[in-house]
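A short write-up of the structure that comes next.
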Amino acid sequence: AGSKVAAVLGGLVAVIGGTLAAILGTRGYRRRRPRACPKCRAAMARLDEQADDALLDKGEQAEESVHSVNYDVWRCPQCAETLKIPYKSWFSSYSACSSCKRLTVRSTSRTITSATTTHEGLSHVTLNCKNCGWATEKDVVIPRRTSSSSSGSSSGGGGGGSSFGGGSARGGGAGGSY
């Protein structure tokens, strides 16, 4: 039985790995494929990071510095036409600024009052733009926690609940259904 499980897991890992490699390979090809100049149709050259940084504006440089967007810059050797192609990061903690529209806003929050099953909580959220300096702060209500309940009944202080396990992360009680 153990070897069957290992074979199934090994096959699953191979499928997931193959799919991920195909996605990354396709993205890499789309990013690096040859481009024709939109003006003169000559083959364009992709600039290296140092050369492309010199052609990015302040906001684009800020997005690159916080790793929310990476820009590829292509230049035509015949007519000097340039193309800037943005690639948003798949996993970035930065969002768009309401002032400059760049993906350079970092949000931080601090819990003032934790939510309970009987009362809402309160969190203080600060938003700061690394590009234009825009900032704001606000208090956000944290919804009350829901108490876990069980469709079955139990006597004696524990257990019951769904087939996904008893107990909750908040301590005591039965697990909820999924």
Kindly write out the residues that satisfy side chain to side chain donor-acceptor pair (under 3.5 Å) with [X], not counting sequence neighbours, or none if the list is empty.
X	value
Ser65	none
Arg106	Ser93, Tyr94
Glu60	Lys84

* **Contact list for residues 36-54, test side chain to side chain donor-acceptor pair (under 3.5 Å), sequence neighbours left out** => Lys39-Glu81, Arg46-Asp72
* Excluding sequence neighbours, so at least two apart, what forms side chain to side chain contact (heavy atoms under 4.5 Å, CB included) with Ser98? -> Trp134
* Apply side-chain contact (heavy atoms from CB on, under 4.5 Å) to Glu120 and Ile142, showing your working. => CA-CA 6 Å; Glu120 295 173 331; Ile142 304 169; over 6 Å; no
* So which heavy atom on Arg144 is nearest to which on Thr117, and how close? -> CD-O, 3.9 Å
* To do: Among residues two or more places apart or on two chains, list those pairs meeting salt bridge (Lys or Arg N to Asp or Glu O under 4.0 Å) that have a residue in residues 89-105.
  => Asp57-Arg102, Glu63-Arg102
* Short question: side chain of Thr116, backbone of His119 - any donor-acceptor pair under 3.5 Å? -> yes
Please output the side-chain donor-acceptor pairs of residues 121-133 that fall under 3.5 Å, not counting sequence neighbours, one pair per line with the distance.
{"residue": "Ser123", "atom": "OG", "partner": "Arg110", "partner atom": "O", "Å": "3.4"}
{"residue": "His124", "atom": "ND1", "partner": "Asp139", "partner atom": "OD1", "Å": "2.6"}
{"residue": "His124", "atom": "NE2", "partner": "Glu137", "partner atom": "OE1", "Å": "2.7"}
{"residue": "Asn131", "atom": "OD1", "partner": "Lys58", "partner atom": "NZ", "Å": "3.4"}

* **For Val73, the rest of its hydrophobic cluster, which grows through side-chain links under 4.5 angstrom** => Leu47, Leu55, Leu56, Val69, Tyr71, Leu103
* Is any side-chain heavy atom of Met44 less than 4.5 Å from a side-chain heavy atom of Pro38? -> yes
